[in-house]
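On a predicted model such as this, the values are computed, not experimentally measured, just so you know. Excluded from the calculations below are hydrogen atoms, water molecules and symmetry mates; all remaining heavy atoms, backbone and side chain alike, are included. Labels below follow one simple rule: chain letters A, B, ... track the order of the sequence lines, proteins then strands, and each chain is numbered from 1.
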Amino acid sequence: MRAQFVLSEIGVGLRRNLTMTFAVIVSVALSLALFGGSLLMRQQVSTMKGYWYDKVNVSIFLCGKNDVSSDPACVKGAATEDQKKQIKSDLSKMDLVENVQFETADEAYKHYKEQFGGSPVAGSVTADQMQESFRIKLKDPTKYKVISSAFADRAGVQSVQDQRSTLEGLFNLLKIMNYAALGVMILMLVVALLLIVNTVRVSAFSRRRETGIMRLVGASNFYIQMPFIMEAAFAGLLGAGFACVLLVCGQYFLVNNYLVDHVAVIQFIGWDAVLAKLPLVIAIGLLMPAVAAFVALRKYLKV
Amino acid sequence: MIRFDNVSKSYPKQNSPALRDVSLEIEKGEFVFLVGSSGSGKSTFLRLLLREERASHGQVHVLGKDLARLSNWKIPQMRRQLGTIFQDFRLLPNKTVGQNVAFALEVIGKPRGEIRKGVPQVLDLVGLGGKEDRMPGELSGGEQQRVAIARAFVNRPMLLIADEPTGNLDPQTSVGIMKLLDRINRTGTTVIMATHDQQIVDQMRKRVIELEKGRLVRDQSRGVYGYQH
């Protein structure tokens, strides 16, 4: 197949359908940007959840050596081995508790590093400063109070925290936003596909003379269909390119230049996460319109 | 070369079939006129040859192949051995004469060198030497039909199918086109031509096949347009 011939045919086809091509590019760009954005948001949420969020409901933080002076709950000194054993056996006797895990200071440090690895606060923290804790999974997450009242005042316990209460609202909001983004994405995708089908129809009609002659002189089906498919794929590729630009701009302007400065406690996703999504966005932008065009050709182009 | 065995063709939503039980054979190198009034089945006959339609009953063999058994992806290969011309020329108005002919070779993936050599050669053959860069719109009807013939013949097909090629031309121009088709026939190419042009058929004295309401009613070597008793 002669590349120059095919390329010039694509150029002619796209220019003939300039308005339609523009619509395809915009709708593909928006749908893919939303798609990429929703993937990134999901990744952001899992970054924020950290190691324990999905695994436990309640954490009992124990007093460490450093807390004796700073925290009024720990004036009686750091938690002793006996106290830890007592807490553990009491916890395991409770019906409500599904399972209990003990997190040593070293493990706590490791998980902390994983979650906040890149942020400036992480550098100032050492393993000594980390607390030991019991991480508890409840059969009924709403019964947090039972654990709290049983252990909060015990010697050696610094605090009992309901993990979910602090972040659950935010995560629910993000989840809703994510679903909304996906919903709009699907709508835009449907719009893009319908536009492509229509573009192919118009294109096939306006080129029926050429394709008729091609058929007559024995051009292969592939050769006849190729320009249409390439047209759609090319428009899709342009759309995907714009979607990538939108995602990169979002990361640069919204996250790096705004959120990171204004919301210091959260570890945000970095460029690696964004860049990792771009090939997927481009692949979808290229393949989906091509497949749509191919399907549309079955209907609108006799071969 | 071509064989019809009891071929019938009916289209959906039409009561009477377009072809009924047609059997005939056309040998390599023959020149055949296909005559009959409008709606007699001439077009259907040609469409079956090109495998634009499939026969409802019976078998159509073209170039030694049973078209019913030919799988879809092999059809283009089969059509490359056929040349086709029409009453309305079917040229691309935005391409030059040379590009129109070259288009037929480009889309079947012929190498560029072959195209550059073959196009002027075939244009010379049809009497359009030197008009390579003209646009179809600048040419007379007869010249446009010559371009169409050049495009059909550039690939040196075994069989040339002509659907009323002189239908839009004045008698004098038609004679020129017929001479050209005759010359192509003499190179060994089989020519099948559907026509309403009585004068031409009577002059050429070639084999005449007449269809009427889808039936083969006459098959006469060295025949004329109307009945002769």
### Lys NZ or Arg CZ of K9(B) over Y11(B) ring: under 6.0 Å, within 45°
yes
### Task
Mind ranking G218(A), A219(A), G212(A) by heavy-atom pairs under 4.5 Å with chain B and telling me who comes out on top?
G218(A)
### Message
Looking at every heavy atom in both G141(B) and L169(B), which two are closest together, and how far apart are they?
### Response
C-CD2, 3.4 Å
### Task
Under 4.5 Å heavy-atom distance to chain A, tell me which part of L91(B) shows up: side chain, backbone, both or neither.
backbone
### Task
Would you mind checking which part of E52(B) comes under 4.5 Å of any heavy atom in chain A, side chain (CB onward), backbone (N, CA, C, O), both or neither?
both
### Step-by-step side-chain contact (heavy atoms from CB on, under 4.5 Å) determination, F153(B) to T189(B)
CA-CA 9 Å; F153(B) 192 62; T189(B) 305; 3.5 Å; yes
### Summary
Residue from A152(B), A104(B), P157(B) scoring the most non-hydrogen pairs under 4.5 Å with chain A is A104(B)
### Atom pair CD (E143(B)) and CD1 (I149(B)), whose distance is rounded to the nearest 0.5 Å
12.0 Å
